[in-house]
Amino acid sequence: MSKIYIPAWHYKAPGLVQRVWGWSPIEEMVLLTLDATPGTIDDLASALHIPRQVAASTVARLMQFGLIEVRMSPRPMLSTNLVGREFIRGSRALPERSADREIGISVVYEKVGDSVFRNRDVDTIPMTKLPRSGKIVAFPVGEPLETDYSMMQRVTQFMSGMLRPGEWLRGIQANSSYLERKFLVLDLNEVRDGAIPPGASERLIEALKSTIKTGRLPVTAPPAADEPPAISTDVHTDQIIVGARQQLERFEQIVKAAKSHIFILSTFVASQDDDRCKENRDRVWQALDDACRRGVKCHLFFGTSIDVPKHAIAMHELSERLSSIRLTRGYVLAHRDSVESHAKFLVADDGQGGAVVSMGSCNWLSSPFSAVEVSVELTEANAAGAAMNVLQSIIAKISSAGQSTEALQFMAAELRRNRNRNRLSVANAASGSIRATMRILHAADHNRLLRVAAHDAKTRFICCTNRVGANMVPALFDPAEVASQRLDEVSIYYSRRGGPVKRGHVNDHRERLKGNVGIFGVPEPQLHAKFLAWDDDHIVVSSLNWGSQSATLDNPMDEIGLYLEGTGLATLLLKKFEAENTRAAKDA
């Protein structure tokens with residue numbers, strides 16, 4: 001038997017391809033001519049020495065994009081309008097033109113060499129028709145199954161070199177997708193003769209040659225290490241948000257600016273009759289009400305795995321409230337299944353072709369906005385796009401999130417494509433932006449990084465956690481003690497105790513570490529912030545309670561943090577944190 005059967009996934013979905021093109025010299029000359037000398041089409045054709053038909057069709061296109069108009073006085077003539085004049089005299093590029101087309105995507109992803117093939121280029125068989133014996137490579141045991149999200153990433157990369165000039169893959173319509181386990185069928189005799197399907201990876205080819213030579217079946221490739229690369233980005237000083245009032249105000253500003261989509265992931269959801277800090281929460285509901293009136297699509301998620309029915313009911317109440325404002329279906333996607341993540345996200349378009357992502361400690365749909373919170377906002381395209389990919393992978397866990405996942409994918413793709421327009425200029429960077437390196441931390445990354453920081457810090461080591469709990473000593477106190485052997489400034493801030501930990505337990509360690517590590521309990525205002533800062537340049541803003549939670553590999557998306565390294569970032573964060581604590585203490 002010369003055939004070998006390799007585990008594979010068959011994925012089909014409609015894709016949306018956008019063709020983008022600029023403006024021809026004729027179009028630019030027509031616009032410049034009409035701006036300088038308004039006239040008729042005949043005047044234009046004569047001035048530019050072009051056929052009248054070319055002048056007329058060019059004028060039609062420019063009018064379609066709202067760049068020229070017809071003046072009736074003193075006689076009918078064509079001229080640039082206000083928009084056209086702004087483009088010309090402001091040295092701005094003309095707006096790009098685009099057209100979308102739908103394509104059918106049908107690919108096969110095999111598990112030995114991680115190759116992606118066009119379905120029409122290979123043979124596959126369903127699992128039910130697999131022969132009882134032969135050269136069959138089994139599916140790997142214990143690995144996560146492929147999902148729409150994971151296949152989207154592979155398809156996007158696969159399609160990047162296959163489109164026409166000027167085209168790019170905007171996204172995949174996951175609601176109409178098909179994903180099935182199959183087996184890729186290859187003939188080893190044909191492989192021996194060099195007949196290999198186009199797209200086969202070097203690893204697959206080498207594995208097949210080894211099987212031909214030795215008779216031993218290849219093994220499936222191990223899952224790729226999920227080590228996110230460092231991202232070079234810009235962080236404005238105003239994008240580090242510290243405080244309760246500041247979080248609420250930024251929520252209102254971000255939601256107010258949105259024109260197309262808002263995504264919110266909050267660990268908890270408050271019921272509509274919750275009277276705690278009702279005035280603050282009413283401002284959140286009102287901002288969402290106004291967004292719905294404007295036709296903005298609201299994608300709402302919660303993440304807790306505790307008392308899920310309670311929060312599902314609260315989410316339903318919120319959905320009913322927002323849906324009653326705009327009766328057209330599809331504008332409110334409030335999901336009543338938990339995504340099982342403690343991460344907190346606020347994502348929205350900025351109404352100007354960009355987007356903003358806020359990540360940190362604030363539970364947007366439940367917070368009374370009375371505790372000290374810390375969040376970081378990302379607006380630079382590469383950083384914001386990476387954060388949006390993380391949110392996409394979190395919400396993809398629930399079956400009802402297809403439309404939301406698709407919308408987020410399209411939004412991130414648009415943002416990356418327009419990154420040159422959204423990137424901060426050198427002038428802006430000099431007036432308040434800090435060039436930084438960013439890494440996104442998954443759950444288990446936090447503890448490793450905290451220990452690295454405790455050993456590497458040169459001047460100070462500061463950690464803020466909402467809670468201290470049963471694991472506070474190995475998770476936080478011990479690394480802080482290691483840092484204190486070299487540093488003069490080592491501090492831990494917290495507000496609440498969890499699990500079996502009593503006040504006396506914390507006091508015992510406070511006394512033990514006295515003079516080396518400052519352990520500060522701050523009951524009011526409550527510290528809900530979770531951050532780590534060391535030296536002058538390193539910060540981590542996260543959803544993880546460093547002193548009470550033990551993140552594991554089982555659910556890497558359970559906690560998400562941002563590690564930023566940039567000149568003065570730690571100094572800036574700590575200055576804002578100290579000022580907010582001082583102000584809040586005076587108000588109390």
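Side chains included, hydrogens not; waters and symmetry mates left out as well; all remaining heavy atoms used.
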Pairwise distance [atom1]([X]) to [atom2]([Y]) - rounded to 0.5 angstrom:
X	Y	atom1	atom2	value
Thr437	Leu564	OG1	CG	9.0 Å
Ile325	Tyr331	CD1	OH	14.0 Å
Glu373	Gln246	CD	CD	10.5 Å
Ile440	Ile231	CD1	CD1	5.5 Å
Lys344	Glu559	NZ	CD	7.0 Å
Arg467	Ser548	CZ	OG	6.5 Å

Taking atom [atom1] of [X] as the centre, does the number of heavy atoms from other residues, nucleotides or ligands within less than 6.0 Å exceed 12?
X	atom1	answer
Glu102	CD	yes
Lys259	NZ	no
Glu578	CD	no

Can you list the residues that meet the side-chain contact (heavy atoms from CB on, under 4.5 Å) rule with [X], with sequence neighbours excluded?
X	value
Ala412	Met388, Asn389, Arg416
Gln286	Asp289, Asp290, Arg293
Ser366	Ser266, Phe268, Ala270, Asn363
Asn507	Arg503, Arg510

**OP:** Kindly determine whether Arg321 and Glu317 satisfy salt bridge (charged side-chain N to carboxylate O under 4.0 Å, His left out), including the steps that lead there.
**Re:** CA-CA 6 Å; Arg321 170 181 176 142; Glu317 292 174 353; over 6 Å; no
Can you check whether [Y]'s main-chain N or O pairs, donor with acceptor, with [X]'s side chain at less than 3.5 Å?
X	Y	answer
Glu406	Gly402	no
His335	Asp337	no
Asp349	Ala258	no
Ser393	Val390	yes
His528	Cys362	no
Thr233	Ala383	no
Asp445	His442	yes
Ser319	Met315	no
His505	Lys502	yes
Ser495	Leu527	yes

So, do [X] and [Y] sit near enough that their side-chain heavy atoms are less than 4.5 Å apart?
X	Y	answer
Val356	Val347	no
Arg245	Phe369	no
Leu532	Leu450	yes
Leu322	Trp285	no
Arg281	Pro368	yes
Lys297	Ile262	no

**OP:** Tell me, please, which residues at least two apart from Trp364 pass ring-ring contact (aromatic ring centres under 6.0 Å, His included).
**Re:** Phe251
**OP:** Begin with the C-alpha distance, continue with both residues' side-chain angles, and end with the deciding distance and a verdict on salt bridge (charged side-chain N to carboxylate O under 4.0 Å, His left out) for Arg250 and Glu377.
**Re:** CA-CA 10 Å; Arg250 284 301 295 144; Glu377 292 178 4; 2.7 Å; yes
Subject >> Verdict with reasoning, Tyr563 to Trp534, per ring pair (Phe, Tyr, Trp, His ring centres under 6.0 Å) >> reply: CA-CA 11 Å; Tyr563 170 29; Trp534 68 99; 5.5 Å; yes
**OP:** Taking all non-hydrogen atoms of both residues into account, name the closest pair between Val339 and Ile395 and its distance.
**Re:** CG1-CA, 4.1 Å
Anything under 3.5 Å between a donor and an acceptor, one on a side chain of residues 565-573, the other on a protein residue two or more places apart or in another chain? List them.
residue : atom : partner : partner atom : Å
Thr571  : OG1  : Arg460  : NH2          : 2.9
Thr571  : OG1  : Asp536  : OD1          : 3.4

Original post:
Quick one: do Lys397 and Glu340 make a salt bridge, cutoff under 4.0 Å?
Top reply: no
Original post:
Parallel under 30°, tilted from 30 to 60°, perpendicular over 60°: which one fits the rings of Phe577 and Tyr493?
Top reply: perpendicular
